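Only one structure is covered here, and it is reproduced in the block below.
What you see is a predicted model; the values in this text were computed from it and never measured.
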Amino acid sequence: MLKSLPLIAILGLCIALSHANLYAQSVPEPCPRPVPGSAVPEPEDLRSTNGVLKVELTIHDSKQSDGTTRYCYIDAKGRESPTLRVNPGDLVILSLKNDLTNLGSGAATTGQPHVHGDNEKSENSCTSGAMAHSATNLHFHGLTIPPLCHQDDVLKTSIQAGDPPFEYRFRIPENQPPGLYWYHPHLHGFTKEQMLGGASGAIVVEGIERADRAVAGLPERVLIIRDQDLLNPNSPPSKSEPVIPKMLFDRDGDAANTGTGFGKPAKDLSINFVPVPYPDYPPAQIEMRPDEQQLWRVVNASEITYLNLEFLIGHTPQPLGLVALDGVPLNQNGLAADFVDWQTHLGVPPGARMEFIVKGPPPGVSGLLVTRTVDTGAGGENDPNRAIATITTSRDAPEPRSQLAASPKPLPPSQLPWLGSVAPVRTRRLYFSEKLLEPNNPNSATEFYITVEGQTPVQFDPKSGVPNIIAKQGTVEDWIIENRSNELHAFHIHQLHFMLLDYHGRPVNEPFLRDTVNVPYYDGKALGYPSVRLRMDFRDPNTVGDFVYHCHLLEHEDGGMMGLIRVEP
Ligand SMILES: [Cu+2]
């Protein structure tokens, strides 16, 4: 048929149908993504009905022509990374099917053919602990649910490619604070790869307007900021950059901190999967009604990128009304029910969440959501200044899909005394450190550790099963976490929240809770190492069993920066 076409038409066809287009037409992309400059889409909401949320997710991967791999969760109706919306007390029944095909170099399964029945396979998923490129599991970040198989165990749960769907079944605790949580894989050694490829989604525990009346009636948006490998890794810097810093790479092969706020970032960012790729790109688009207030619920689902969010009109940062951190309303401690902490910038380490009130620009004016540069230390990645999204206004802008109740019934106060007023039973000291395997070669492979003071630094071994820390349910402890390395780390612990008492040697006694906190880097000069002091809450009856604490920079976590805690009943 082509032969009958004039030559010019054939040429035109050849140009129009690039190899990539042909590929896209013949094989549907399992993990489709918007193009740069798109309107920021809202993830679909899956809401519980009659106290039950049933979800079927399948994790897919898809190799891209540039060598990177996308990962995605698709539900039974084809929706990517849906937001799970639940109420305290709800039962979640989530089936996860592993359709990963990426049998990379780390595929270290037993090689035995699958001859077991489906039930047996499901139980094997609870005990195999097999860590492989093509295996996966889920962690429900921030929820105080038990660290058990089919709930929130990440130590032994490993779902192999092609296994029958694996069922997660857990109840959202009645006392789970209303706010933003999230789900992502947590398979030791492969977490970075899967999350960098996009495997993550949001969980909203409903009722934040019951805790804080300042957000009652507001439209709300879930914004998931992820990082990803650079789309244009070989591009020179934008001509608009005021300084062109010398390009260096850190030990992970990422662009190293230039200390200038500019230069090539270690990773590109995306917002609800709209990429904002270095160096020249149109920011993503968000449309609001003029002067409208909205609640923005932001999770930093990045593998390694720190965020420092600002909302600019012209050059002026606008007030952002923080109401919740890491899923917990700031007034959980008994502060006024309309408490709002107005800030002009919000630092969000990887893994953390910030929920804040944003006021749309006045008519005819646009704003810009940016992340300011973060100084990650001499050994850290480059997190330069970046525009993320342009905020334009229009009187008939579509409202976000979800709106908080206007006259909510107030949430009953917490049954437990405020964490800050409970005496700790002991103080423990831990420290982050790194070791170059060839001390004289700055590009040598690095081992990452988090060590209990007095123990020998070792990389986390999922097979060990020997706890680094044994604590008692019902108690409260103080932990001092030191950073003896020259880059930032973000401390995170499963199954509980903590209070930040001291930051970098200064008492802060934050009157609110976190589950992820930045630990400042060591500059090589100070007399002591920088540290944070945390009050750890082991009072919840669900906070029992074996679970982990680790750095939430996933290259570090996969590289060994994780420890095991056993909380005894
Ligand atoms: Cu780290």
Side-chain angles (χ1 to χ4, degrees), residues 30-31 46 53-63 69-76 79-82 84 92-141 143 145-170 182-201 203 301 460 462-463 465 494 545-548 550 554 557-558 562:
C31 303
L46 305 186
L53 177 64
K54 265 191 129 156
V55 187
E56 287 173 35
L57 294 180
T58 301
I59 185 167
H60 296 276
D61 58 352
S62 123
K63 197 98 181 157
T69 303
R70 289 181 188 168
Y71 288 81
C72 58
Y73 294 112
I74 306 286
D75 85 343
R79 301 171 288 201
E80 184 165 1
S81 288
L84 313 184
V92 177
I93 305 172
L94 187 158
S95 91
L96 178 64
K97 174 93 177 72
N98 180 348
D99 268 1
L100 297 179
T101 59
N102 175 16
L103 297 164
S105 55
T109 46
T110 60
Q112 296 292 323
H114 285 283
V115 291
H116 308 293
D118 283 0
N119 285 339
E120 217 169 319
K121 270 190 190 172
S122 177
E123 286 324 296
N124 286 347
S125 304
C126 280
T127 53
S128 86
M131 303 294 157
H133 272 273
S134 60
T136 196
N137 62 13
L138 278 175
H139 169 48
F140 302 97
H141 184 128
L143 295 181
I145 56 177
L148 299 173
C149 190
H150 299 286
Q151 299 201 50
D152 195 28
D153 164 64
V154 298
L155 287 161
K156 296 202 174 92
T157 304
S158 172
I159 307 157
Q160 309 304 305
D163 276 1
F166 180 85
E167 187 179 89
Y168 285 93
R169 179 185 278 260
F170 56 86
W182 59 303
Y183 58 93
H184 64 80
H186 205 297
L187 196 75
H188 185 60
F190 302 97
T191 303
K192 167 196 165 178
E193 188 180 311
Q194 296 184 7
M195 284 191 48
L196 191 61
S200 51
I203 301 171
F460 178 74
K463 294 204 169 56
H494 292 206
D546 286 9
F547 54 96
V548 292
H550 58 87
L554 304 177
E557 173 191 330
D558 282 341
M562 182 148 73

To the closest 0.5 Å, what do you measure between CD1 (Ile145) and CD (Gln151)?
6.0 Å
Residue set satisfying ring pair (Phe, Tyr, Trp, His ring centres under 6.0 Å) with Tyr73, at least two apart, ordered chain then number -> Tyr183
Stepwise, does the side-chain contact (heavy atoms from CB on, under 4.5 Å) test hold for Ile203 with His141?
CA-CA 9 Å; Ile203 301 171; His141 184 128; over 6 Å; no
Please round to the nearest 0.5 Å and tell me the distance separating atom CD1 of Ile59 and atom SG of Cys31.
8.5 Å
Please check if the distance between the ring centroids of Tyr168 and Phe166 is under 6.0 Å.
yes
Heavy-atom side-chain proximity of Tyr71 to Leu196 below 4.5 angstrom:
no
Tell me, do Phe170 and Leu143 make a side-chain contact under 4.5 Å, heavy atoms counted?
yes
Is it true that, when you exclude Glu56 itself, more than 12 heavy atoms of the residues, nucleotides or ligands shown sit nearer than 6.0 Å to its CD?
no
Is it true that Asp99 and Lys97 make a salt bridge, defined as a side-chain N closer than 4.0 Å to a carboxylate O?
yes
Within a strict 4.5 Å, meaning less than it, do heavy atoms of the His188 and Met562 side chains meet?
yes
Residue pair Leu187 / Ala135: nearest heavy atoms and the distance that separates them
CD2-O, 3.4 Å
To the nearest 0.5 Å, atom CG of Leu138 lies from atom CD1 of Ile159 at 6.5 Å
Quick one: does Gln194's side chain have a donor or acceptor within less than 3.5 Å of a partner on His184's backbone?
no
Would you sort out whether Glu557 and Thr191 count as a side-chain contact (heavy atoms from CB on, under 4.5 Å), showing the intermediate values?
CA-CA 8 Å; Glu557 173 191 330; Thr191 303; 3.8 Å; yes
Please answer whether the main-chain N or O of Pro185 pairs with a side-chain N or O of Asn137 as donor and acceptor at a distance below 3.5 Å.
no
Shortest non-hydrogen contact from Ala301 toward Met195
O-CE, 3.5 Å
Does any donor atom in the side chain of His494 or Asp152 lie under 3.5 Å from an acceptor atom in the other side chain?
no
Under 4.5 Å between any side-chain heavy atoms of Arg79 and Leu46, yes or no?
yes
Note: Leu53 and Leu84 closest approach over all heavy atoms is CD2-CB, 3.8 Å
Stepwise side-chain contact (heavy atoms from CB on, under 4.5 Å) test for His150 and Cys126
CA-CA 8 Å; His150 299 286; Cys126 280; 3.4 Å; yes
Please check: side-chain N/O of Arg70 versus main-chain N/O of Gly197, any donor-acceptor pairing under 3.5 Å?
no
Taking the side chain as every heavy atom from C-beta outward, state whether Val548 and His186 have any pair of such atoms under 4.5 Å apart.
yes
Looking at Ser134, is its backbone amide N or carbonyl O close enough to the side chain of Asn98 to form a donor-acceptor pair, meaning the two atoms are under 3.5 Å apart?
yes
Once rounded to the nearest 0.5 Å, what's the spacing between atom OG1 of Thr136 and atom CG of Leu100?
6.0 Å
Criterion side-chain contact (heavy atoms from CB on, under 4.5 Å) on Asp163 and Asn124, from CA distance to verdict
CA-CA 10 Å; Asp163 276 1; Asn124 286 347; over 6 Å; no
Is it true that the side chains of Glu193 and His133 contain a donor and an acceptor less than 3.5 Å apart?
yes
Quick check: does any side chain N or O of Asp558 sit under 3.5 Å from a backbone N or O of Lys192, one acting as donor and the other as acceptor?
yes
According to salt bridge (Lys or Arg N to Asp or Glu O under 4.0 Å), who are the partners of Asp153, at least two apart in sequence or on a separate chain?
none
Taking atom types as modelled and ignoring hydrogens, do the side chains of Ser158 and Gln160 form a donor-acceptor contact shorter than 3.5 angstrom?
yes
Looking at every heavy atom in both Ser81 and Gly198, which two are closest together, and how far apart are they?
OG-O, 4.2 Å
Check: Ile74 and Leu57 side chains under 4.5 Å, non-hydrogen atoms
no
